[in-house]
Amino acid sequence: MQQAYANYGQAASRWMDEFFAEGGRIFCGAGCFGCCNMPIRLSLAEALVVRDALSAEKLAAVEAHARQVIGNARMAPDDDTYVRRHRLEVGYCPLLDRTTGQCSEYAARPTRCRDTFSAFPARYCEEGHWESLSTREKRQYARDVARTPGTDGELHYVAPLEYLSEPVWDTAAEMMSQAFGVQVWGDFWVLVTLSARADFMAAIELGDAKAAWGAAKRAGLAHPMILEIE
């Protein structure tokens, strides 16, 4: 996974160099964390990288966050409500250093944290900003996005950098299939927590999806919205 991350970083850097040379802009930078309260989906392969980088104290903070995620999943009536509550109530990733605005485990961060870049100022990434816009402002946003290089024409995120990360996901899927015979995908904090549980990992290493789900359920961390074992 680390090699796949490195390959992505090199490809992304090359693309950004060309993008900047042509006058493109990316507003993300050190100290900006407007997107760090978003739900994050990752693979177990990525979760293992994060797990191995964490101290016991940080792993405990991740577990506490994971249990808030589970509570939100159980209560949310739909996906939109789940995302909104995650951002407003579950809140920022516990690995974020709110003093500096930087990730405390930057080298181990998952793919979604690596490939999310904004072609608009940080306020557009903050929860509630869209809802605060008037109808006229929303129409202007749509026009601005449509003519901004690097976007998909609908949202202000830099689409090519997301597309370039697809080989990382493919690598994760291949590694899980080869190592375990099953693939596991789900919520960032839930999967990192489960990856530190011996009973869960023992079932995964046997390729026993049913037993792995049972281990997650006993841990209080099983929910179909945020854990997939296939």
Side-chain angles (χ1 to χ4, degrees), residues 1-50 79-80 82-84 86-87 92-93 95-96 101-103 105-131 133 137-177 183 185-188 191 228:
M1 286 309 306
Q2 292 286 20
Q3 185 59 56
Y5 288 155
N7 292 344
Y8 169 72
Q10 292 169 4
S13 292
R14 289 193 296 269
W15 184 89
M16 285 191 283
D17 286 343
E18 295 178 6
F19 183 62
F20 295 149
E22 295 171 357
R25 294 187 67 186
I26 292 176
F27 285 82
C28 307
C32 172
F33 53 90
C35 64
C36 294
N37 58 358
M38 289 182 178
I40 298 294
R41 187 174 186 269
L42 85 172
S43 64
L44 178 60
E46 296 167 275
L48 291 169
V49 173
V50 179
D79 289 345
D80 287 343
Y82 172 79
V83 173
R84 186 172 63 255
H86 183 101
R87 301 198 71 185
Y92 288 100
C93 177
L95 302 181
L96 171 68
Q102 296 178 333
C103 177
E105 298 296 339
Y106 192 74
R109 70 197 189 284
T111 306
R112 189 85 300 163
C113 298
R114 295 170 187 263
D115 70 2
T116 300
F117 292 87
S118 176
F120 280 25
R123 65 181 180 275
Y124 287 91
C125 302
E126 295 173 355
E127 175 60 27
H129 181 74
W130 173 258
E131 289 77 9
L133 299 178
E137 289 170 328
K138 289 178 179 178
R139 289 173 180 162
Q140 185 61 49
Y141 169 88
R143 289 191 290 268
D144 290 343
V145 168
R147 65 191 182 199
T148 297
T151 73
D152 63 0
E154 297 182 2
L155 296 174
H156 63 277
Y157 297 105
V158 181
L161 291 172
E162 293 187 11
Y163 303 151
L164 283 173
S165 70
E166 290 178 2
V168 183
W169 298 101
D170 294 340
T171 296
E174 182 179 357
M175 290 180 66
M176 290 186 292
S177 294
Q183 293 188 26
W185 303 85
D187 173 81
F188 174 16
L191 266 191
E228 303 165 26

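- Residues Met16 and Leu161 meet the side-chain proximity criterion, which asks for heavy atoms closer than 4.5 Å.
- Side-chain contact between Val83 and Met38 is absent, with no heavy-atom pair separated by less than 4.5 Å.
- Side chain to side chain, Glu162 and Thr116 fail the donor-acceptor criterion of an N or O pair below 3.5 Å.
- Counting only distance, with no hydrogens or angles, the side chain of Arg41 and the backbone of Trp185 share no donor-acceptor pair below 3.5 Å.
- A distance of 10.0 Å separates SG in Cys93 from CG in Asn37, rounded to the nearest 0.5 Å.
- In terms of heavy atoms, Ser43 sits closest to Met176 at CB-CE, 3.6 Å.
- With a 6.0 Å radius and a threshold of 12 heavy atoms from other residues, nucleotides or ligands, Tyr106 has its OH atom at or below the threshold.
- In this structure, CD in Glu166 is found 9.5 Å from CG in Asp115, a value given to the nearest 0.5 Å.
- Within the 4.5 Å cutoff, the side chain of Trp15 has heavy atoms near those of the Val158 side chain.
- Contact of the Gln2 side chain with the Val49 side chain is registered, since non-hydrogen atoms from C-beta on lie closer than 4.5 Å.
- Among residues two or more places apart in sequence or in another chain, the ring pair (Phe, Tyr, Trp, His ring centres under 6.0 Å) test is passed with Phe33 by Tyr92.
- Distance SG/Cys35 to CZ/Arg87: 7.5 Å, rounded to 0.5 Å.
- With a 4.5 Å cut-off on side-chain heavy atoms, Cys125 and Phe27 do not count as touching.
- Taken to the nearest 0.5 Å, the CZ atom of Arg109 stands 12.5 Å off from the CG atom of Leu95.
- In this structure, CE on Met175 lies 10.0 Å from CG on Leu44, to the nearest 0.5 angstrom.
- Minimum interatomic distance between Ser165 and Thr111 (heavy atoms only, all atoms of both residues): CB-CG2, 3.7 Å.
- In terms of modelled atom types and a separation under 3.5 Å, the side chain of Tyr5 and the main chain of Pro110 share no donor-acceptor contact.
- Side chain of Glu46 to backbone of Ala172: no donor-acceptor contact under 3.5 angstrom is found.
- Nearest heavy atom pair, residue Gln102 against residue Ala30, reads NE2-CB, 3.5 Å.
- Taking CG of Leu42 as the reference point, atom CH2 of Trp169 lies at 6.5 Å (rounded to 0.5 Å).
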Name each donor-acceptor pair under 3.5 Å that joins a side chain in residues 146-153 to protein atoms two or more places apart or in another chain, with its distance.
from, atom 1, to, atom 2, distance (Å)
Arg147, NH2, Asp144, OD1, 2.8
Thr148, OG1, Asp144, O, 2.5
Thr151, OG1, Val145, O, 2.9
Thr151, OG1, Thr148, O, 3.2
Thr151, OG1, Gly153, N, 3.1
Asp152, OD1, Glu154, N, 2.8
Asp152, OD1, Leu155, N, 2.9

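- Every ring pair (Phe, Tyr, Trp, His ring centres under 6.0 Å) that Phe120 has, sequence neighbours left out, goes to Tyr124, Tyr141, His156.
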